[in-house]
Amino acid sequence: MERIVVRNIVSSYGKKKVLKGVSLSAAAGECIGIVGENGCGKSTLFNILAGLKKADSGEFFFDTGKSPAACVGYVPQEGSLMNELSVLDNLSLWYRDRAELRLSLKQGFLKELGVDEMCRTRVDKLSGGMKKRVSIGCALAGNPPILILDEPDAALDLMGKAEIRGYLAKYKKQGGTILIATHEESDLELCDKVYALHNGKSKEIDRTLRQEALIREIKGQS
């Protein structure tokens, strides 16, 4: 059974139509990769699925029967942390259940992400990789079954990228559904399906495509 079904999403900014009919689906325990050139609409699509923007037309469903706010953890490309606060203060804004926060720091995903070691540190003192871990940790508040990540590898070094992929692989193994927009071919190793966005349309492509073959699909030259 599909956990996410997206049908013919259309979205515009003013007179510019960014998405012209995007469709995709994902099941529990699947990771879906979204690839495309800058400005192709990946972030717009994710904002719609996260409930931050309303589509002009089309529809999407989650099998949870809940609103996006209740079942989606979203990590936007630009991040959503408050730099002047500590890591713990940032987490507290998302984890309304303090018992859940303590448990996750002690033996859950926050512990696995290494966030427990950063709690007293101000966010503006963290490296890019550390900030990304905290952002993912915030998005996991309430144990959402769906995790949406917009270019999570941006500005990370090789070790940071590998660590993030390791955490995502475990989330997926535990039944979580991931949608990830990426420019990194290595992220596609985690994906069960890959969709290319070009000229406002989506197309499922061979998830094993790399280098020139992948670029041709992204540019709509196949």
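Note that the structure is predicted; figures quoted are calculated from it, not measured.
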Show the numbers, then the answer: is there a side chain to side chain contact (heavy atoms under 4.5 Å, CB included) between L190 and I180? CA-CA 10 Å; L190 186 66; I180 180 171; 5.6 Å; no
Counting N and O atoms only, with roles assigned by atom type, does the side chain of K201 sit under 3.5 Å from a partner on the main chain of V22, one being a donor and the other an acceptor? no
Quick test of your reading: applying ring-ring contact (aromatic ring centres under 6.0 Å, His included), list the pairs with at least one residue in residues 54-75, sequence neighbours left out, ordered by first then second residue. F60-F62
Can you list everything that forms a side chain to side chain contact (heavy atoms under 4.5 Å, CB included) with R3? Sequence neighbours excluded, please. A28, D63, P145, I146, T177
Between the CG atom in L113 and the CE atom in M118, the distance rounded to the nearest 0.5 Å is 8.0 Å
Short question: side chain of R120, backbone of E117 - any donor-acceptor pair under 3.5 Å? no
Quick one: are V87 and V115 in side-chain contact, heavy atoms under 4.5 Å? yes
Applying side chain to side chain contact (heavy atoms under 4.5 Å, CB included), name anything that partners K125, two or more places apart in sequence or on another chain. T121, R122
Determine whether more than 12 heavy atoms belonging to other residues, nucleotides or ligands lie under 6.0 Å from atom NZ of K219. no
Is there a side-chain contact between C71 and P144, using heavy atoms and a 4.5 Å cut-off? no
Treating Ile, Leu, Val, Met, Phe, Trp and Tyr as nodes and any side-chain heavy-atom pair under 4.5 angstrom as an edge, say whether I136 and F46 lie in one connected cluster. no
E184: side chain to side chain contact (heavy atoms under 4.5 Å, CB included) partners, not counting sequence neighbours: D153, K161, T182, S186, D187
Under the rule for side-chain hydrogen bond (donor to acceptor under 3.5 Å, both in side chains), what residues qualify as partners of E2, not counting sequence neighbours? none
Any non-hydrogen side-chain atom of E204 less than 4.5 Å from a side-chain atom of K193? yes
Do other residues, nucleotides or ligands put more than 12 heavy atoms under 6.0 Å from Q211 CD? no
Heavy-atom closest contact (Q174 atom, F109 atom, distance): OE1-CE1, 3.5 Å
Rounded to the nearest 0.5 Å, what's the gap from CG on D150 to NZ on K42? Could you check? 7.5 Å
Does one hydrophobic cluster hold both L105 and V123, with members joined at side-chain heavy-atom distances below 4.5 Å? yes
Common cluster, L24/I48, ILVMFWY with side-chain heavy-atom separation under 4.5 Å: yes
Atom pairs and distances, side-chain donor-acceptor, residues 5-19, under 3.5 Å, sequence neighbours left out:
from : atom 1 : to  : atom 2 : distance (Å)
R7   : NH1    : E59 : OE2    : 3.4
S12  : OG     : D56 : OD2    : 3.0
Y13  : OH     : T44 : OG1    : 3.4

Pairs touching residues 95-109 that satisfy side-chain hydrogen bond (donor to acceptor under 3.5 Å, both in side chains), sequence neighbours left out: none
Starting at NZ of K54, measure out to CG of N47 and round the result to the nearest 0.5 Å. 15.0 Å
Taking side chain as C-beta onward, heavy atoms only, is V75 less than 4.5 Å from P152? no
Taking the side chain as every heavy atom from C-beta outward, state whether L179 and L149 have any pair of such atoms under 4.5 Å apart. no
Nearest heavy atoms of S25 and I32, plus distance in Å: O-CD1, 3.7 Å
Could you list who else is in V35's hydrophobic cluster, with ILVMFWY side chains joined at under 4.5 Å, directly or through other members? L188, V194, I205, L209, L214, I218
By side-chain hydrogen bond (donor to acceptor under 3.5 Å, both in side chains), S86 pairs with (sequence neighbours left out) D89
Calculate, to the nearest 0.5 Å, the distance between atoms CG and CD belonging to N90 and E84 respectively. 8.0 Å
Min side-chain heavy-atom separation L101-L110 under 4.5 Å: yes
Any L197 side-chain heavy atom under 4.5 Å of S202 side chain: yes
Could you name each residue pair satisfying side-chain hydrogen bond (donor to acceptor under 3.5 Å, both in side chains) that touches residues 129-146, not counting sequence neighbours? R133-E163
Does one hydrophobic cluster hold both L103 and L140, with members joined at side-chain heavy-atom distances below 4.5 Å? no
Does K203 pair with E217 as a salt bridge, N-O distance under 4.0 Å? yes
Looking only at heavy atoms, which two atoms of L156 and G129 are closest? And how far apart? CD2-CA, 3.1 Å
Non-neighbouring partners of D192 that pass side-chain hydrogen bond (donor to acceptor under 3.5 Å, both in side chains), sequence neighbours left out: K172
Consider only side-chain heavy atoms of I, L, V, M, F, W and Y, link residues closer than 4.5 Å, and tell whether L147 and I4 are in one cluster. no
Which pairs with one or both residues in residues 180-222 pass ring-ring contact (aromatic ring centres under 6.0 Å, His included), sequence neighbours excluded? none
Please round to the nearest 0.5 Å and tell me the distance separating atom OG of S80 and atom CG of L93. 10.0 Å
